[in-house]
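Heavy-atom basis, side chains included; hydrogens, waters and symmetry copies ignored. Throughout, a chain's letter reflects where its sequence line sits, starting with A, and its residues are numbered from 1. This is a predicted model, so every value here is computed, not measured.
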2 protein chains.
Amino acid sequence: MQSRSPAAGRPGRPRSAAADAAILAATREALVELGWSKLTLGDVATRAGVAKTTLYRRWSGKNELVVDAVAELFDELCLPDRGSLAADIEGVVLQFAAILARPEARGGLMAVVTEATRDDALRARIRASIVDRQKGLVLEGRSRAQQRGELPPETDPEESARTVDLIFDMVAGAVVHRTLVSGRPVDEEWVRGFTQILLRGLAAPS
Amino acid sequence: MQSRSPAAGRPGRPRSAAADAAILAATREALVELGWSKLTLGDVATRAGVAKTTLYRRWSGKNELVVDAVAELFDELCLPDRGSLAADIEGVVLQFAAILARPEARGGLMAVVTEATRDDALRARIRASIVDRQKGLVLEGRSRAQQRGELPPETDPEESARTVDLIFDMVAGAVVHRTLVSGRPVDEEWVRGFTQILLRGLAAPS
DNA sequence: GCATTACGCTACGACTCGTAGCGAAAGCGT
DNA sequence: ACGCTTTCGCTACGAGTCGTAGCGTAATGC
């Protein structure tokens, strides 16, 4: 996507955009059927109807390919204004959960995060194409809540940045853990309870 | 461990307990050096000084082996009484974070969780040897807080069980996400902010 | 037409997988 | 002491995947 070849007005035959799309779609399909560990690049190439060499000319390996394939799933994330901070949180959490509920996202996202533990370049790629977009939603939601008077305005900008990171880890982490570790669905009931605690805290009366 | 051969008074040569320990230690060592995807069972066998066939006689594959190797890391988790709910939370979060900071836990734990997405037996094994122990700490901490009067007593037992699951996902999820996705350390400052939000909520004044 | 690049195809050595077969070693009961 | 049973280390094996190289062909810009 953003990091791959610009292909600006170079001489010679241009790369097929259709092949790109077919490869990414085939990757997601294989991810559903086989899972991360049994997914092979040769199989993806066959599914996409391209040669294995074509695949290697565009992606350096399994990790990079799957990051791009999974990142497309997060394009649909947005933050419609629902009138209150609680409603905004519930909306975006349900969106995020809906994406994670898809099997190609479950296995794929977790696998690349695992690999990113030992690969800084891969981690940067994940951050740029997936994580930063999500964090932007947190920023937007807080800004709206401050305008509504639901949250106090920022004082220290550095403190403010830390809080955004913290909230982001709490929201995304809880949804991911619920979905992938506990293995239970993120339904409306769960989201209500989660939002309640996030906004008012554990000590508050239910 | 609990699920493997009981080896009760059978005839014949008993299995070497030293080999078990050597294999698990070698697995963690290989996990640090190579990471999940490049770890091979042949390599682990060589490091442990045993034959590859011996390894396959005890574990059915990479997943099961790594679960057992990583599970040992969580044996040290406990919940010392620090006098208040906030202090208890901070204590156990720092313990959990210290384990996750070790490279053999980062890659290994995430990898087996990823694989568990498509393997129910593996998920059950993870739950039994890792997750349930953590959830027990949540239960214990809430019980103490209720005795201190920091939390309201339970009314509906079913509602109560849901709340424990929710808190568990929020705590563990946030720490895991901070460590593995955001890639930033869980230090005392972060833990203070996290506990503050978990107990008093976002809307509370800082 | 010509240079340049992408593409499909085949083939290749290197590696890992998981299993089978063998002889030797280590315990247990008599 | 003697077998019986099970484990262990070793070697070897077919199957599968990896990532690359080479080749002829297709598509684009000048």
Considering only side-chain heavy atoms of B:P14, which listed nucleotide, C:dG27, D:dG19, C:dT19, is closest?
C:dG27
Without decimals, in angstroms, what is the distance between B:K62 NZ and C:dG18 P?
9 Å
Counting only heavy atoms from other residues, nucleotides and ligands, does the tally under 6.0 Å from CZ of B:R148 exceed 12?
yes
Separation of C:dG18 atom P from B:E64 atom CD, nearest Å, is 10 Å
Measure CH2/B:W59 against P/C:dT19 and give the value in whole Å, please.
16 Å
Between C:dT16 atom P and B:Y56 atom OH, what is the distance in whole Å?
11 Å
The single option from A:L79, A:L85, A:L139, A:L151 that satisfies side chain to side chain contact (heavy atoms under 4.5 Å, CB included) with A:R144 is A:L79
Quick one: side chains of residues 163-178 of chain B, donor-acceptor pairs under 3.5 Å with protein atoms, not counting sequence neighbours, listed by atom name and distance.
unit_1: B:T163; atom_1: OG1; unit_2: B:E159; atom_2: O; d: 3.0
unit_1: B:D165; atom_1: OD1; unit_2: B:K135; atom_2: NZ; d: 3.0
unit_1: B:D169; atom_1: OD1; unit_2: A:H177; atom_2: ND1; d: 2.8
unit_1: B:D169; atom_1: OD1; unit_2: A:S182; atom_2: OG; d: 2.7
unit_1: B:H177; atom_1: ND1; unit_2: A:D169; atom_2: OD1; d: 2.7
unit_1: B:R178; atom_1: NE; unit_2: B:P185; atom_2: O; d: 3.0
unit_1: B:R178; atom_1: NH2; unit_2: B:P185; atom_2: O; d: 3.1

When you measure from the side chain of B:T54, which nucleotide among D:dG9, C:dC7, C:dT4 comes out closest?
D:dG9
How long is the line joining CG of A:D20 and C1' of C:dA6, in whole Å?
12 Å
Check the distance between D:dT20's P and A:L55's CG and give it to me in whole angstrom.
12 Å
Regarding the side chain of A:T53, the nearest nucleotide among D:dA27, C:dT4, D:dA21 is D:dA21
Which one, C:dG8, D:dT5, D:dG9, comes nearest to the side chain of A:R57?
C:dG8
Ordered by number, residues from residues 39-49 of chain A within less than 4.0 Å of DNA chain D (heavy atoms) are A:T40, A:L41, A:G42
Donor-acceptor pair under 3.5 Å: do we get one between B:K52's side chain and the base of C:dG18?
yes
Which of these nucleotides, D:dT6, D:dG9, C:dC7, is closest to any side-chain atom of B:R13?
D:dT6
